[in-house]
> 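Below are the structure tokens for one structure; questions will follow.
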Amino acid sequence: MPELPEVETICQALKPLLEGQSFLKIQANRPDLRYPLPVNMETVLSHKLISLISRRAKYLLLDFSHGLTLIWHLGMSGRVIIENLNALSLNSGPHDHVVFITSNNYKITFRDPRRFGFLLLYPTNQLKSLHPFKTLGPEPLGDIPLGVSVLHAALKRRTISIKNALLDQRIIAGLGNIYASEALWQARLSPRRGANTLRLKETKILLIEIQNVLRRAISAGGSTLRDYAQPNGDTGYFQYSFNVYKREHLLCNHCHFTPITRIVQSGRATYYCDKCQQ
DNA sequence: CCATAGACTCGGTAAG
DNA sequence: CGTTACCGAGTCTATA
């Protein structure tokens, strides 16, 4: 799916358009995605003031002033498309599952070919105590920044590899398969290391590199592999800055000597430089 | 509680 | 060339 930088890019695009507005119409083209769509979504949400658009981990949150939050997850292939209603807008395609029409004349389309995405409707004040927010780990770029000691303590209790630990949303929220590999390369740490073998100094470097790679990816509008695009239709650009992801057999950008290795950890591809990353 | 495997889903690409 | 097999931006569930 879109990982943290992609969801953040979408969040930043939706925020100025939607806050202070409302949906005039919500058209669902099928009853479900990963889960059934919220019951009576259009009746419950249309003409209600949208007070806040935010992101938590890889979730987009739309707060309504009458106390409900629409939770929007993009799954693996989800995409948000913003079109101005005054301009020529394209007809709905076969994977355009939900279409929102806004009070300021925008058409917002949720397209998701693989349908791993979902929409859920929760009371805003119960969000933090409900699954999955209940167990979600800290935000790497949050207002209260994730501290090294907290991360180090969390890693210390786990015997899984550091790569798998970075994918565990309970330990740190928002990283996915791309940025986990990229951050470990930047930190010069082997993805095969046990999470509990990292020294405090290594954890500190890793956390800094996680934050750096996420910030740089957000600046680039995220990474486009296949389905993801920014809401205005542009691709993301961070894929051109990958150092390891999808670069098997290409030479490491650090030592310029070792071909990048691809391994599989818990069924997911990991890319790294066997020489630079210890 | 932790760790692992399998499931969901479908279009693109590699393989034959 | 048409067919098939495999793969994956994610996360949930069942099982040990």
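Residue numbers begin at 1 in each chain, while the letters A, B, ... track the order of the sequences. Here the structure is a predicted model, which means the values were calculated and not measured. Hydrogens, waters and symmetry mates are skipped; everything else that's a heavy atom, side chains included, is used.
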> With respect to the phosphate group of B:dC8, does any side-chain polar atom (N or O) of A:R115 fall under 4.0 Å of OP1 or OP2?
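No, because none of the side-chain N or O atoms of A:R115 sits under 4.0 Å from OP1 or OP2 of B:dC8.
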> Verify whether one side chain among A:H95 and A:R79 offers a donor that lies under 3.5 Å from an acceptor in the other.
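No.
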> Tell me the interatomic distance from A:E248, atom CD, to B:dT13, atom P, rounded to whole angstroms.
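About 18 Å, once rounded to whole Å.
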> Rounding to an integer number of Å, can you tell me how far A:I263 CD1 sits from C:dC7 P?
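Roughly 15 Å, once rounded to whole Å.
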> Compare the aromatic ring of A:F116 with the six-membered base ring of B:dC8 and state whether they stack according to the 5.5 Å and 30° rule.
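A:F116 ring centre within cut-off of B:dC8 base, planes near parallel; stacks.
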> Quick one: the side chain of A:R34 and the base of B:dT9, do they pair up donor-acceptor inside 3.5 Å?
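No, no donor-acceptor pair under 3.5 Å.
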> Please evaluate the base of C:dG8 for a donor-acceptor partner in the side chain of A:R268 within a cut-off of under 3.5 Å?
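When only heavy-atom distances are counted, A:R268 does not reach the base of C:dG8 through any donor-acceptor pair under 3.5 Å.
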> Please tell me if A:H73 has a side-chain N or O lying less than 4.0 Å from either OP1 or OP2 of C:dT11.
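A:H73 to C:dT11 OP1/OP2: side-chain N or O found under 4.0 Å.
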> Going by atom types alone, do A:T270 and A:K163 pair a side-chain donor with an acceptor below 3.5 Å?
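Indeed, the side chains of A:T270 and A:K163 share at least one donor-acceptor pair under 3.5 Å.
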> With respect to the side chain of A:Q169, which nucleotide from C:dT11, B:dG11, B:dT9 is positioned closest?
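Of C:dT11, B:dG11, B:dT9, C:dT11 is nearest to the side chain of A:Q169.
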> Please report, rounded to the nearest Å, how far the P atom of C:dT11 is from the CH2 atom of A:W72.
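Spelled out: CH2 on A:W72 to P on C:dT11 is 17 Å.
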> Whether the A:S65 and A:S51 side chains hold a donor-acceptor pair (N or O, under 3.5 Å, no angle test) is what I'd like checked.
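There is no such pair between these side chains.
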> A:H131 side chain N/O closer than 4.0 Å to the phosphate oxygens (OP1, OP2) of C:dT11?
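Negative; the distance criterion is not met.
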> Just the rounded figure in Å: distance from P of C:dG10 to CZ of A:R79.
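Between P of C:dG10 and CZ of A:R79: 18 Å.
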> Considering only atom P, compute the distance from B:dT9 to C:dA14 and round it to an integer number of Å.
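The answer is 16 Å between these two P atoms.
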> Assess the pair A:W72 and A:F100: is the distance between their ring centroids shorter than 6.0 Å?
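Yes, ring centres under 6.0 Å apart.
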> Which is true for A:F118 with a 4.0 Å heavy-atom rule: it touches a base, it touches only sugar-phosphate, or it touches nothing?
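Counting heavy atoms under 4.0 Å across all strands, no contact is made by A:F118.
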> Counting only side-chain heavy atoms from C-beta out, which of C:dC7, C:dG10, B:dC2 sits nearest to A:E3?
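Of the options given, the side chain of A:E3 lies nearest C:dG10.
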> Test A:Q21 against A:S103 for side-chain hydrogen bond (donor to acceptor under 3.5 Å, both in side chains), laying out the working first.
CA-CA 6 Å; A:Q21 304 291 329; A:S103 50; 2.7 Å; yes
> Is the distance from OP1 or OP2 of C:dG8 to the nearest side-chain N or O of A:K246 less than 4.0 Å?
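No.
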> Side chain of A:R262: nearest nucleotide among C:dG10, C:dC7, B:dT4?
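Closest nucleotide to the A:R262 side chain: C:dC7.
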> Can you see if the side chain of A:R226 gets near the phosphate of B:dG11 - specifically, an N or O under 4.0 Å from OP1 or OP2?
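For B:dG11, neither OP1 nor OP2 has a side-chain N or O of A:R226 closer than 4.0 Å.
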> Closer to the 5' end of DNA chain B via nearest nucleotide, is it A:I160 or A:P113?
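The residue mapped nearer the 5' terminus is A:I160.
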> Checking all strands, does A:L225 fall into the base, sugar-phosphate, or nothing category for heavy-atom contacts under 4.0 angstrom?
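Base contact - A:L225 has a heavy atom under 4.0 Å of at least one base atom.
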> For B:dC10, take OP1 and OP2 only and decide whether either is under 4.0 Å from a side-chain N or O of A:S77.
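No.
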> Starting the side chain at C-beta, find the nucleotide from B:dA3, C:dG8, C:dC12 nearest to A:A269.
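Output: C:dG8.
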> Choose from B:dC2, B:dT9, C:dT11 the nucleotide whose nearest atom is closest to any side-chain atom of A:R170.
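Ranking B:dC2, B:dT9, C:dT11 by closest atom to the A:R170 side chain puts B:dC2 first.
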> So which one's nearest nucleotide on DNA chain B is more toward 5', A:H95 or A:S161?
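Between the two, 5'-proximity favours A:S161.
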> Whole angstrom is fine here: how far is it from CZ in A:R114 over to P in C:dC6?
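Answer to the nearest Å: 17 Å.
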> Any ion pair linking A:K58 and A:E3 (charged N to carboxylate O, less than 4.0 Å)?
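Answer for the salt bridge query: no.
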> Tell me what A:N164 touches on the nucleic acid: a base, only sugar-phosphate, or nothing, going by heavy atoms under 4.0 Å.
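If one applies the 4.0 Å heavy-atom cut-off, A:N164 turns out to touch nothing in the nucleic acid.
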